[in-house]
Visitor: 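Quick one: the structure is below, questions incoming.
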Amino acid sequence: MAATVNELKEMIIDLRVDLVKARIPETNCPYAYYNMDMENIDCNEISCNECKRNFLENMREKIKEEVMSL
């Protein structure tokens, strides 16, 4: 059975987020690789893992907005 348009869009979103993850080395800050607003993030207040998780969530939302508008 063929995928619906929404299913295909979700696949595109997942693949683009995976590509973003693959471009950032494990121990590096994602903000060094992507020009995104750090939204008043203080690196001394949250862990690097939490920061990276927040970054990826924000990136997913930006990608989703772009893909869903197609």
Side-chain angles (χ1 to χ4, degrees):
M1 187 167 95
T4 66
V5 172
N6 283 337
E7 290 172 335
L8 291 172
K9 287 181 178 183
E10 287 296 326
M11 287 179 212
I12 292 169
I13 293 167
D14 291 340
L15 289 171
R16 287 190 54 194
V17 170
D18 288 344
L19 183 59
V20 168
K21 287 181 195 177
R23 288 182 177 164
I24 304 168
E26 188 65 34
T27 58
N28 291 32
C29 178
Y31 293 99
Y33 291 84
Y34 289 90
N35 187 17
M36 288 182 61
D37 183 24
M38 289 186 67
E39 300 174 10
N40 302 325
I41 295 171
D42 183 359
C43 292
N44 296 317
E45 290 185 12
I46 63 173
S47 70
C48 289
N49 288 336
E50 184 179 351
C51 182
K52 195 170 191 177
R53 186 173 39 254
N54 292 341
F55 169 84
L56 291 171
E57 288 173 9
N58 291 336
M59 182 62 82
R60 175 177 280 285
E61 287 304 313
K62 285 186 177 216
I63 292 170
K64 186 174 183 174
E65 286 175 18
E66 181 183 334
V67 171
M68 289 304 186
S69 70
L70 298 175

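Fair warning: this is a prediction, and the values are worked out from it, not measured in the lab.
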Visitor: By side chain to side chain contact (heavy atoms under 4.5 Å, CB included), which residues pair with Asn44, not counting sequence neighbours?
Guide: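 Asn44 satisfies side chain to side chain contact (heavy atoms under 4.5 Å, CB included) with Asp42 only.
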Visitor: Measure the acute angle between the ring planes of Tyr31 and Phe55, then classify it against the limits of 30° and 60° as parallel, tilted or perpendicular.
Guide: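 Rings of Tyr31 and Phe55: perpendicular, as their planes differ by over 60°.
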Visitor: Quick one: list whatever passes side-chain hydrogen bond (donor to acceptor under 3.5 Å, both in side chains) with Tyr33, sequence neighbours left out.
Guide: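 Here the qualifying residues are Asn28.
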Visitor: Can you pull out every salt bridge (charged side-chain N to carboxylate O under 4.0 Å, His left out) where at least one residue sits in residues 46-57? Sequence neighbours excluded, please.
Guide: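 Residue pairs with at least one partner in residues 46-57: there are none.
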Visitor: Run through the side-chain heavy atoms of Ile, Leu, Val, Met, Phe, Trp and Tyr, join any pair under 4.5 Å, and report what else lands in Leu19's cluster.
Guide: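 ILVMFWY cluster around Leu19 holds nothing else.
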Visitor: Got a list of side-chain donor-acceptor pairs under 3.5 Å for residues 4-16, not counting sequence neighbours?
Guide:
residue: Thr4; atom: OG1; partner: Glu7; partner atom: N; Å: 3.2
residue: Glu7; atom: OE1; partner: Thr4; partner atom: N; Å: 2.9
residue: Lys9; atom: NZ; partner: Met68; partner atom: O; Å: 3.4
residue: Lys9; atom: NZ; partner: Leu70; partner atom: O; Å: 3.0
residue: Asp14; atom: OD1; partner: Arg60; partner atom: NH1; Å: 3.1
residue: Asp14; atom: OD1; partner: Arg60; partner atom: NH2; Å: 3.1
residue: Arg16; atom: NH1; partner: Glu66; partner atom: OE2; Å: 3.2
residue: Arg16; atom: NH2; partner: Glu66; partner atom: OE1; Å: 3.4

Visitor: Mind checking the CG-CD1 spacing from Asn58 to Ile63? Nearest 0.5 Å is all I need.
Guide: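 Asn58 atom CG to Ile63 atom CD1 measures 11.0 Å (nearest 0.5 Å).
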